[in-house]
Protein chains: 2
Amino acid sequence: MAVADGKNPKTTIADVARVAGVSVTTVSRVLNGEKYVREDKKKAVERAVAKLDYQPNLYARSLAGDRSYLIGLLFDDPRGDYLSGMQRGAMHRCREEGYHIVVELFDRTTTLDQIEQFLSKLRPSGVLLTPPVCDNKVILAALARKKVPTVRISPSEDFPGMASVKIDDYHAAYQMTEHLISLGHKDIGFIIGDIEHADARARLRAFRDAMKAAGLAVNEDWIAQGSYQFASGRDAAKQILRGHTRPTAIFSSNDDMAAAVIVVADEMGLEVPGGLSVAGFDDIPLASAVSPSLTTIRQPVEAMAETAVGRLMAMLKGGDSDVDTPILMPVEFIKRASTGTCK
Amino acid sequence: MAVADGKNPKTTIADVARVAGVSVTTVSRVLNGEKYVREDKKKAVERAVAKLDYQPNLYARSLAGDRSYLIGLLFDDPRGDYLSGMQRGAMHRCREEGYHIVVELFDRTTTLDQIEQFLSKLRPSGVLLTPPVCDNKVILAALARKKVPTVRISPSEDFPGMASVKIDDYHAAYQMTEHLISLGHKDIGFIIGDIEHADARARLRAFRDAMKAAGLAVNEDWIAQGSYQFASGRDAAKQILRGHTRPTAIFSSNDDMAAAVIVVADEMGLEVPGGLSVAGFDDIPLASAVSPSLTTIRQPVEAMAETAVGRLMAMLKGGDSDVDTPILMPVEFIKRASTGTCK
DNA sequence: AATGAATATGGAAGCGCTTCCAGAAAATGT
DNA sequence: ACATTTTCTGGAAGCGCTTCCATATTCATT
């Protein structure tokens, strides 16, 4: 079972060395950007590499150098645009750096042992953790013990010694709540996301705080639990809207559920935003596709992943710097058609 | 920059050999399931492996054995549940087989050169191609040239010598047509998808055959050509519905166009499904978001990916068998609100 | 001009595995 | 009984790279 062989069947570092007129050691140095290589030799090596269309053998490098050039991306469930964007951003950045993404699922059926095997078999140069895996104590401990450079994306709790990238969920949700209030809404419902996610909790907290700060009461009947899934949004919306008194606005913890709210409102003959304003969070593609389009908060998902990879690269290159301070990414408030003044 | 080191810092095949009282060659044979190893020695090796908690070094294996145990998953855009499901399925199956998924983006900004680098650097044991990458002639040619075992998922066109996994479009469309007929519809319209795609042709053929089998005539004025795009669905619907005699149901080759049919019907004051039943295909997220929600056909995305990996494994294990015959997967009929009995 | 650092280079020893090869042991045929 | 074939086993040579070590060469300091 031979593996792919390109147009240049077997160009090795030795070939490059011969063509460049230097030793393999020197070629290796140039390839790895080490210092102590004279400029002219460096140029010669680069010319030879280009001429031969040389591709270093990843496996030889990994074996000899104890680095894998693979970065692991662990997640619980790859569904949804959130993780897709994450993956996309990570791929982009990795491509620039010559690294590759190995995806690995970590859900209910996954044992710690499987993850440990993943780590010791693949020996990834680094690992990216997405929510909610990024808050799994067992995984974090395993990673720390094995000293695998790790960046957590949108984690809920602190874990000393591990870098993280997150958005300011609290601030964003606070801002959205204020937006609704500024439109004259006093009766506002809220759909909570998967409570396992720290962001879901932060958004809820911000909502409550912003209401309180505006001197508005929160009607607990209008607070429903969702799971970030579209279907759960349906249920939540029905629950909130079934009573004889209804809120004039609903702030959903994410767009998927917000879209479901619009559908339910439509089914009930409630006009949006005439009879009900709906606000979302995340700005997934669906947000601008539904009618009316969703007022929402855009999370720079791709940029976050890119930043996370960048952080990883920095760690790999030695600068251990301040790992404990999370990198906060800015969010963007997107005003669209689903929110309007309270009549 | 040390890479992860587990609890057993450095258990090599030599350690296993010593403990088992055999040579490394024999250990290697057992590990790779080769024949010509006596049963007692095999047992001894297995015991030693378990006792030492030995993990073979992936990179040493890859370097020496010219296999990578990595399988590449190429896609155009990771957004959407379709590819998420795909990935999930592929991961599951790979885990069972001890392989891992390396994801790689192939969009507008990607050059062929980048993909070739991906292939020659990672030397994946196999590659999975998702639509629309699976119909990219250039990629296919590159893969074929490098002899990388490849499985295409839901390809539109044939490409000799390359395995593929697809749904049984004919069967599914036949089933949907029968559904419409069972609701009492006799006058049924059909919107054809992009005729360049094999699936569009199969769906049309199934529609005609099912009608014929039920003894129903197909009115050619009610058959319109679309391109799978939403906008083309609008035009097709208008064309079908403009006459003085109208069908009582329209089967659209995909959900995008079916959604357009609903919009057009709405504009014409035709109620769905009261005055017109509408059926789609694909079960895209929009299908459950539109009102009324679309009766459609869902592809078993995860299962398809699992099957694709299975096919790949079979190819890697030597059985080259019949690569040209696509593996057909069963689909799921989703009854929603857009189809109803013919009044 | 002499001394020690800083800079630059290559030889060669692995990294942990697979596999070729040669040879031993067991099973088969005559 | 011997000659073949088949089954089993281990030694040792790589796979293509990184890196330790020893050796040159240059540069700044006295």
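We name chains A, B, ... by the order of the sequence lines, and we start the count at 1 in each one.
- Across the protein-nucleic acid pair, A/Y59 atom OH and C/dG14 atom C1' stand 21 Å apart, rounded to whole Å.
- With distances taken from any side-chain atom of B/S23 to the nucleotides D/dG10, D/dT9, C/dT7, the minimum falls on D/dG10.
- The distance between atom CG of B/L52 and atom C1' of C/dG16, rounded to the nearest whole Å, is 15 Å.
- Applying the 4.0 Å criterion to OP1 and OP2 of D/dC17, one finds that A/Y54 has a side-chain N or O inside that range.
- Contact annotation: A/R61 reaches the phosphate of D/dT18 (side-chain N/O to OP1 or OP2, under 4.0 Å).
- Listed pair A/K35 / C/dA6 fails the phosphate criterion, with no side-chain N or O lying under 4.0 Å from OP1 or OP2.
- Here B/R152 pairs with B/D135 in a salt bridge; the nearest charged N to carboxylate O distance falls below 4.0 Å.
- Residues A/T25 and A/S28 have side chains that never bring a donor and an acceptor to within less than 3.5 angstrom of each other.
- Considering only side-chain atoms of B/L63, the nucleotide from D/dC8, D/dC17, C/dG16 that sits closest is C/dG16.
- No side-chain N or O of B/Q114 forms a donor-acceptor pair with one of B/E104 less than 3.5 Å apart.
- Between A/R61 and A/S68, the side chains place no donor N or O within less than 3.5 Å of an acceptor N or O (distance only, hydrogens not considered).
- In this structure, A/K43 does not pair ionically with A/D40, as no charged nitrogen and carboxylate oxygen lie closer than 4.0 Å.
- Residues B/M304 and B/S154 approach most closely at CE-OG, 3.3 Å, considering heavy atoms.
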Short heteroatom pairs, N/O only, protein and nucleotides 19-21 of chain D, under 3.5 Å:
| residue | atom | partner | partner atom | Å |
| --- | --- | --- | --- | --- |
| D/dT19 | OP2 | A/R67 | NH2 | 3.4 |
| D/dT19 | O4 | A/T25 | OG1 | 3.3 |

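- For D/dT7, the OP1/OP2 oxygens have no side-chain nitrogen or oxygen of B/R38 closer than 4.0 Å.
- Positionally, the nearest nucleotide of DNA chain D for B/G21 lies more toward the 5' end than for the other of A/N57 and B/G21.
- OP1 or OP2 of C/dT7 lies within a sub-4.0 Å distance of a side-chain N or O belonging to A/Y36.
- Figure legend: B/R123 and A/Y59 shown without cation-pi pairing, the cationic atom not lying both under 6.0 angstrom from the six-membered ring centre and within 45 degrees of its axis.
- Between C/dT9, D/dT9, D/dG16, one nucleotide has an atom nearer to the side chain of B/T26 than all others, and that is D/dT9.
- Distance CD1 (B/I13) to P (D/dA12): 17 Å, rounded to an integer number of Å.
- Rounded to an integer number of Å, the gap from B/K41 NZ to D/dT7 C1' is 13 Å.
- Per the geometry, CG belonging to A/D15 stands 11 Å off C1' belonging to D/dG16, to the nearest Å.
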